[in-house]
Amino acid sequence: MTDSKYFTTTKKGEIFELKSELNNDKKEKKKEAVKKVIASMTVGKDVSALFPDVVNCMQTDNLELKKLVYLYLMNYAKSQPDMAIMAVNTFVKDCEDSNPLIRALAVRTMGCIRVDKITEYLCEPLRKCLKDEDPYVRKTAAVCVAKLYDISSSMVEDQGFLDQLKDLLSDSNPMVVANAVAALSEINEASQSGQPLVEMNSATINKLLTALNECTEWGQVFILDSLANYSPKDEREAQSICERITPRLAHANAAVVLSAVKVLMKLLEMLSSDSDFCATLTKKLAPPLVTLLSSEPEVQYVALRNINLIVQKRPDILKHEMKVFFVKYNDPIYVKLEKLDIMIRLANQGNIAQVLSELKEYATEVDVDFVRKAVRAIGRCAIKVEPSAERCVSTLLDLIQTKVNYVVQEAIVVIKDIFRKYPNKYESIISTLCENLDTLDEPEARASMVWIIGEYAERIDNADELLDSFLEGFQDENAQVQLQLLTAVVKLFLKRPADTQELVQHVLSLATQDSDNPDLRDRGFIYWRLLSTDPAAAKEVVLADKPLISEETDLLEPTLLDELICHISSLASVYHKPPTAFVEGRSAGIRKSLPNRQGSAEDGAHAVNEATVIPNQDSLIGDLLSMDIGVPMAQGAPEPVTSNVDLLGGGLDILLGGGGSGPTETNAAGGSGLLGDIFGISGSTSAMIQIPKIVWLPAEKGKGLEILGTFSRRGGQVFMDMTFTNKAMQAMTGFAIQLNKNSFGILPAAPLQVGPLQPSQSLDTSLQLATTGPVQRMEPLNNLQVAIKNNVDIFYFACLVHANALFSEDGQLDKRVFLTTWKEIPAANEVQYNLSGVHGSADSIAAKMTANNIYTIAKRNVEGQDMLYQSLKLTNNIWVLLELKLQPGNPDATLSLKTRSVEVSSMIFTAYESIIRSQ
């Protein structure tokens, strides 16, 4: 009889009966009873009342029964912690059992029971098991350390388990080494410090590589993942590691193969691209990837998603393997679509004829989604391989002649893109397209056709009639089509104003008066104002030359691609998203990046203009008490810092691989332009933030003198704005100021200008500051210690300098430099901050930031999220790179910061939040 019998009992006094059976003297009866208890627990019945009776069954030599009891304990120990203590003695005893399976079972179960009282008793048995003579016990104990770290990290560190775990990396048994690596990796991810617990060096790597050949497949995956996080010290070491990992490419398990590919892809970055070894290694990577495509469809899909990344990074690896990506009739749709994508990426002049022949065949299939993708693929081939464009257009025309509705519509969409790539080259086919106008019913196809008519209105005799036919059902059209119609009619009017005036008035009226769509209404008003104010300007705006589109538009951004290459064989490589996009927790926030390319610009770079936040000193206490208030001020106003940019210890000229050139200057966002004039806007809409004054020196501490103050930036200079109030009974005179050494070298650039201060009188003053003084690191970094002297006494106080006052005007980076620098700064130097209560569009935020010397380098929209990439420079030449993620309509945003000096992050975040919330 099978075990299903244990699930069928429905007696009224079931708990009572089980209780009596558990206390039966016969071992077989006991085992049967425990099985029934586990069965009840599995189907969701509460059998916690039997806890003491089940625990009594632990005293047995029967391994099967012991496992069942331990299973019960793991499930109910948390809800019955006091009862669970009863089991501790048995656990400790089992950890010293002669049978290694029982020893391992005991230590594993104790690690799974998340009860503090039991955890205390786990330490000694675990310490013994980590040194056990049996490798099975040692490997189980290694994983138990990771579980214990999750329960109590301080206990693991205090009891020295981490050191024991590190010692296991040198174990003679490869499975013990693999489990130690897995445990250390998990602990690393959970660690709050963010620093690696084990410093990987050549000796450790050598031990891991030795164990790699002998452990199980999952042990190999753990070791390979750990090797992927190691950066060899030179090319020779990288080459040696590659040679020892390459045999893993022939493994039967796909996970091992992909993990090996990940390590090799990373190490390839460190090898000279023109070396024979690199060429040989590249050839060796192709066969295992091709072999993965012989697996079941699910594994094929994962392999294809990873191959998609590899092909974008290194297309040479699979350039001769086009045929393996040809679609088979019995492939699932998700595999077919992925293969199509890779085919396009591998298409070149040498294989385009073969690819087009395949794609034309696919376009006659029955699966509509696949056919659409195939037709789009033909268009992408035309854009990517210029010499083949004519052949692609001819193929598309053949498909249009089939008169299959969805094929025709998809072909028109891609032909629109071909027109944008090759203007004035294939316009002869417009008449063929117009013949199919009546059959179009999909918004994208209709919008594409309208765009073609508007763009080439001067070549289509009846363009006005064609567009007029669309206007009849204007209100029923999709928003995408309405917007294209509006633009197309305005283009037609600007090209043929004489006979289309009524048409343009009609469409502008429809867009501005009859529409509820704000985008359409706004565009209608802009066109209306443009046309009525300055038709010549309207022509320049609406008929301006458009940038040519390129095949690269569907490629992943280089920094994201590099990050995803580091996550090959994980979910990130299947989703094509970084882990931060779908995993919560600290480990998701650690960004990985590929090492610097061999011979990169950073090698041999020397510091030109170093950042001046100095390292920690033995004493950070400012000696304000011995200050001489009468010391002379800084001579004259400080000279503006020249744009001698140094991001990485070498000038921009080294980063760019050419002559030095400072950051490009651009107009501040929000400046007046043509559209601004149309709506009566002039000048910038955003101003530099003014943070309100706060009390720095209260009257009770200043013997009647109260000082309110703030910091601001005006005209490229830092100012200390203060209000002095005399709340004493006597006049105050002879004011002077002295600032202690500080992190940013701030000192007065001129004497303090405060005249005699009568009782109850207040005076405002603004003290210009220089940033050329002596530097001493303060805690917090922006802490400034001040001494004010007058005829009454010397008063001391401390205040915090607002970081925005230290943002210099030359903080805008070139896009290429920004991208290179972001990649060069280690992932450990990235800090994230959550902003709440964020209002306004990405553009308004960018304008606000620009007004405060935080410059937006680029803006992207990724899956509905607006991404702003920004840079700023502090007065002491520290560069800070920022990435702001905004979700339209969501008041929560994420700000990521990268800099060589992460200690500035908290003051930057505070300033950023103040600016973004300012009105």
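Numbering starts at 1 and runs along the sequence shown. The basis for the numbers below is simple: all heavy atoms, side chains too, and nothing from hydrogens, waters or symmetry mates. Given the structure is predicted, the values throughout are model-derived calculations rather than measurements.
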For Lys873, does its backbone N or O pair with a side-chain atom of Ser808 as donor and acceptor, under 3.5 Å? yes

Could you walk me through whether Arg917 and Leu835 pass the side-chain contact (heavy atoms from CB on, under 4.5 Å) check? CA-CA 10 Å; Arg917 292 184 179 206; Leu835 295 163; over 6 Å; no

Starting at CG of Leu471, measure out to NE2 of His506 and round the result to the nearest 0.5 Å. 5.0 Å

Would Ser712 and Met688 satisfy side-chain contact (heavy atoms from CB on, under 4.5 Å), going step by step from the backbone distance to the final call? CA-CA 9 Å; Ser712 62; Met688 192 163 276; over 6 Å; no

Would the distance check show the side chain of Thr910 and the main-chain N or O of Ser906 forming a donor-acceptor pair, the cut-off being under 3.5 Å? yes

Below 4.0 angstrom, N of the basic side chain to O of the carboxylate: do Glu809 and Arg713 qualify? yes

Tell me, with the steps shown, if Ile908 and Phe807 meet side-chain contact (heavy atoms from CB on, under 4.5 Å). CA-CA 10 Å; Ile908 301 290; Phe807 297 166; 3.7 Å; yes

Validation row: Pro579, Glu563 side chains within 4.5 angstrom (heavy atoms): yes

To the nearest 0.5 Å, atom CD of Glu883 lies from atom CD of Gln870 at 10.0 Å

CA sep, side-chain torsions, deciding dist, call: Gln832, Thr580, side-chain contact (heavy atoms from CB on, under 4.5 Å): CA-CA 11 Å; Gln832 287 197 341; Thr580 45; 4.3 Å; yes

Would you mind reporting whether Leu747 and Thr772 have side-chain heavy atoms less than 4.5 Å apart? yes

Residues at least two apart in sequence or cross-chain that pass ring-ring contact (aromatic ring centres under 6.0 Å, His included) with Phe419, listed by chain then number, are Tyr456

Between Phe724 and Leu752, the two heavy atoms sitting closest are CZ-CD2, 4.1 Å

Residue pair Asn853 / Asn804, side-chain heavy-atom distance below 4.5 Å: no

Side chains of Val490 and Leu494: closer than 4.5 Å at any heavy-atom pair? yes

The criterion is ring-ring contact (aromatic ring centres under 6.0 Å, His included); which residues satisfy it with Phe909, sequence neighbours excluded? Tyr833

Could you report the tightest heavy-atom contact between Tyr912 and Leu884, atom names first, then the distance? OH-CD2, 3.4 Å

Establish, from distance only, whether the side-chain atoms of Ser515 and Asn517 form a donor-acceptor pair under 3.5 Å. no

Kindly check if the number of other-residue, nucleotide or ligand heavy atoms within 6.0 Å of NZ (Lys539) is above 12? no

For Gln753, is there any backbone N or O sitting under 3.5 Å from a side-chain donor or acceptor partner on Thr765? yes

Looking at CG of Asp866 and CZ of Arg860, how far apart are the two atoms once the value is rounded to the nearest 0.5 Å? 11.0 Å

Indicate yes or no for a side-chain donor-acceptor contact from Asn782 to the backbone of Val801 under 3.5 Å, with no hydrogens or angles considered. yes

How far apart are the closest heavy atoms of Phe719 and Ser766, and which atoms are they? CD2-OG, 3.7 Å

List the residues meeting ring-ring contact (aromatic ring centres under 6.0 Å, His included) with Phe474, not counting sequence neighbours, and say none if there are none. none

Checking Lys898 side chain against Ile825 main chain: does a donor-acceptor pair fall under 3.5 Å? yes

Look at the side chain of Asn890 and the backbone N and O of Leu886, then say whether any donor-acceptor pair between them is shorter than 3.5 Å. no

Once side chain to side chain donor-acceptor pair (under 3.5 Å) is applied, do any residues pair with Asn829, and if so which ones, sequence neighbours excluded? none

If the threshold is 4.0 Å, N to carboxylate O, is there a salt bridge linking Lys313 and Asp562? yes

Those residues at least two apart in sequence (or on a different chain) that pass side chain to side chain donor-acceptor pair (under 3.5 Å) with Thr723 are Lys693, Asp764

Could you tell me whether the side chain of Ser743 and the main chain of Met778 form a donor-acceptor pair under 3.5 Å? yes

Looking only at heavy atoms, what is the nearest atom pair of Phe711 and Ala805, with distance? CB-CB, 4.1 Å

Report the distance from atom CG of Asn742 to atom CG of Asn876, rounding to the nearest 0.5 Å. 10.0 Å

Could you list all the ring pair (Phe, Tyr, Trp, His ring centres under 6.0 Å) pairs where at least one residue sits in residues 884-908, not counting sequence neighbours? none

Is there a side-chain contact between Ile845 and Ile916 (heavy atoms, below 4.5 Å)? yes

If you define the side chain from C-beta out and look only at heavy atoms, does anything of Ile689 sit under 4.5 Å from His802? no

Quick check: does any side chain N or O of Ser841 sit under 3.5 Å from a backbone N or O of Ser844, one acting as donor and the other as acceptor? yes

Looking at every non-hydrogen atom in both residues, tell me the closest pair between Pro443 and Val481 and how far apart they are. O-CG2, 3.4 Å

Just wondering, more than 12 heavy atoms not from Lys416 lying within 6.0 Å of its NZ? yes

For Ile453, is there any backbone N or O sitting under 3.5 Å from a side-chain donor or acceptor partner on Lys491? no

Working to the nearest 0.5 Å, report the span between CG of Leu309 and NE2 of His576. 3.5 Å

Sidechain-backbone polar pair: Ser901 side chain, Glu903 backbone, donor-acceptor under 3.5 Å: no

Pairwise side-chain contact, Val786 with Trp696, heavy-atom cut-off 4.5 Å (strictly under): no

To the nearest 0.5 Å, tell me how far Trp879 CH2 sits from Leu813 CG. 4.0 Å

Please examine the side chains of Val754 and Ile737, heavy atoms only from C-beta on, and report whether any two atoms are closer than 4.5 Å. no

Between Glu455 and Lys495, the two heavy atoms sitting closest are O-NZ, 2.6 Å

